[in-house]
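Since this is a predicted model, take the numbers as computed values, not measurements. Hydrogens, waters and symmetry mates play no part in the numbers below; they use all other heavy atoms, side chains included. If you read the sequence from its start, that first residue is 1, and numbering goes on from there.
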Amino acid sequence: MIKKAAIALIALAAFSCSFASVGRMVEVTGPTQIVRGQEKIEGKKDTGIDMNDSVETLKSRVSISFEDETKMQVTEFSKLKIDEFVYDPKSGKGSLSVKAAFGTVRYASGAIAKNSRENVRVQTPTAKVSVRGTDFSMTVAEDGKSLIVLLPSIPKSAGLPSIVGSIVVSNLGGSVTMDRAYQATFVSSQNTSPTTPVVLDFQEDRKSTRLNSSHTDISR
């Protein structure tokens, strides 16, 4: 059984390596760069993303679409590292590992999260997020402190309802599960358990006040 699993992983890796790009930028609003080894590449619409690339934005936003239809939106002054991406379109299985180093990144699940959930690793410097087919955002400060918010999925077609899945946020200090839209948890260090989730209130005029209040509460 172990031998078969090893052969399968090798086959997936070989398949992935046969294609240079694992995704591409589908939207770029301003100055952006891709760091690929010692090379720095200007980020533009349709620029390919390779495994081990880091995407760095200045005063700009970037949307990335991966081969399995995983979507990531990277906001201003953010850095996202693609640690691993292996995907077999025939089975829909593979592995994905990314890290939000700082800034804000929104994640939307693709085929890998649906078919190989155990092989998806989404991380910040202080927390790991286990994905169960849903959307969420990660806001990471320069010191690694992280605010993670569960979001309703964006419908692929107009008229379809959004769906709320669940995520588990964990580190050396413990873990919490979130399964309600706009639930949030704050993680201050690798050894401190994520805070008890609270639901952020984004309604109209109270949006800014509520967000600041909730952020304060969950960071204690």
Side-chain angles (χ1 to χ4, degrees), residues 6 8-131 135-146 148 154 190:
L9 286 174
I10 292 171
L12 279 174
F15 181 90
S16 179
C17 290
S18 65
F19 295 89
S21 296
V22 300
R24 64 187 180 92
M25 294 181 170
V26 296
E27 179 187 18
V28 181
T29 66
T32 301
Q33 72 176 10
I34 300 168
V35 179
R36 183 174 296 160
Q38 300 299 315
E39 186 179 8
K40 294 183 178 179
I41 303 166
E42 181 181 359
K44 298 180 179 180
K45 185 177 180 180
D46 291 326
T47 299
I49 301 294
D50 294 356
M51 193 161 60
N52 296 317
D53 280 356
S54 290
V55 177
E56 300 177 357
T57 62
L58 294 175
K59 196 173 182 180
S60 61
R61 298 187 310 276
V62 174
S63 294
I64 301 171
S65 179
F66 289 86
E67 292 299 313
D68 73 323
E69 296 193 358
T70 294
K71 311 291 184 184
M72 292 191 188
Q73 297 176 341
V74 186
T75 65
E76 298 179 351
F77 303 105
S78 300
K79 179 179 179 179
L80 176 71
K81 173 71 182 296
I82 316 302
D83 286 327
E84 180 183 22
F85 185 92
V86 177
Y87 177 59
D88 179 1
K90 292 183 179 180
S91 65
K93 296 182 178 181
S95 61
L96 169 66
S97 178
V98 299
K99 179 182 286 184
F102 57 83
T104 299
V105 176
R106 176 171 178 149
Y107 169 97
S109 295
I112 293 176
K114 295 178 175 64
N115 299 305
S116 305
R117 182 183 302 169
E118 69 283 359
N119 294 335
V120 176
R121 297 175 296 280
V122 182
Q123 300 180 70
T124 77
T126 54
K128 173 185 175 182
V129 183
S130 298
V131 184
D135 293 15
F136 63 91
S137 70
M138 305 167 282
T139 298
V140 184
E142 291 185 359
D143 61 1
K145 293 177 180 177
S146 307
I148 300 169
I154 300 175
Q190 291 182 336

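- Judged purely by atom type and a 3.5 angstrom limit, Thr126 uses its side chain to pair as donor or acceptor with the backbone of Gly144.
- In terms of heavy atoms, Ser60 sits closest to Pro31 at OG-O, 2.7 Å.
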Atom pairs and distances, side-chain donor-acceptor, residues 101-108, under 3.5 Å, sequence neighbours left out:
unit_1 : atom_1 : unit_2 : atom_2 : d
Thr104 : OG1    : Thr139 : OG1    : 3.0
Arg106 : NH2    : Asp135 : OD2    : 3.1
Arg106 : NH2    : Pro152 : O      : 3.0

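- The two residues Val131 and Ala113 come nearest to each other via the heavy atoms CG1-CB, 4.3 Å.
- For CD of Glu142, the number of neighbouring non-hydrogen atoms (other residues, nucleotides, ligands) closer than 6.0 Å is 12 at most.
- Closest of all the heavy-atom pairs between Val28 and Gly43 is CG1-O, 3.6 Å.
- Of all non-hydrogen atoms in Val26 and Ser65, the two that sit nearest each other are CG1-CB, 3.8 Å.
- The structure places OG of Ser63 at 9.0 Å from NZ of Lys71, a figure rounded to the nearest 0.5 Å.
- Side-chain atoms of Phe66 and Ile112, non-hydrogen and from C-beta on, never get closer than 4.5 Å to each other.
- Judged by distance alone, the side chains of Ser97 and Glu84 never bring a donor and an acceptor atom under 3.5 Å apart.
- Judged by distance alone, the side chain of Thr57 and the main-chain N or O of Thr75 form a donor-acceptor pair under 3.5 Å.
- In this structure, the separation between CD on Gln33 and CG on Asp53 is 11.0 Å, given to the nearest 0.5 Å.
- The structure places OG1 of Thr32 at 11.5 Å from NZ of Lys44, a figure rounded to the nearest 0.5 Å.
- Here the CD-CZ distance, from Glu27 to Arg61, works out to 6.0 Å after rounding to the nearest 0.5 Å.
- Note that CE of Met25 and CD1 of Ile64 are 5.5 Å apart. Values are rounded to the nearest 0.5 Å.
- Other residues, nucleotides and ligands contribute at most 12 non-hydrogen atoms within 6.0 Å of the NZ atom of Lys128.
- Side-chain atoms of Ser91 never come within 3.5 Å of backbone atoms of Pro89 as a donor-acceptor pair (strictly under, hydrogens ignored).
- Summarising the geometry of Val140 relative to Pro125, their closest heavy-atom pair is CG1-CD, 3.7 Å, with the distance given to 0.1 Å.
- With rounding to the nearest 0.5 angstrom, the CZ atom of Arg121 is 8.5 Å from the CG atom of Asp83.
- In this structure, the side chains of Tyr87 and Val22 stay at 4.5 Å or more apart for every pair of heavy atoms.
- Not counting sequence neighbours, the partners of Lys79 by the salt bridge (Lys or Arg N to Asp or Glu O under 4.0 Å) test are Glu56.
- Within the 3.5 Å criterion, the main-chain N or O of Ser95 finds no donor-acceptor partner in the side chain of Ser116.
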Using the rule given for salt bridge (charged side-chain N to carboxylate O under 4.0 Å, His left out), can you reason through Lys90 versus Asp88, listing the C-alpha separation, both sets of side-chain angles and the distance that settles it, and then say yes or no? CA-CA 5 Å; Lys90 292 183 179 180; Asp88 179 1; over 6 Å; no
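- Residues Ile82 and Asp50 have side chains not in contact (no heavy-atom distance under 4.5 Å, counting atoms from C-beta outward).
- The 12-atom threshold is exceeded at NZ of Lys81, counting heavy atoms of other residues, nucleotides or ligands nearer than 6.0 Å.
- Met138 places a side-chain heavy atom less than 4.5 Å from the side chain of Val122.
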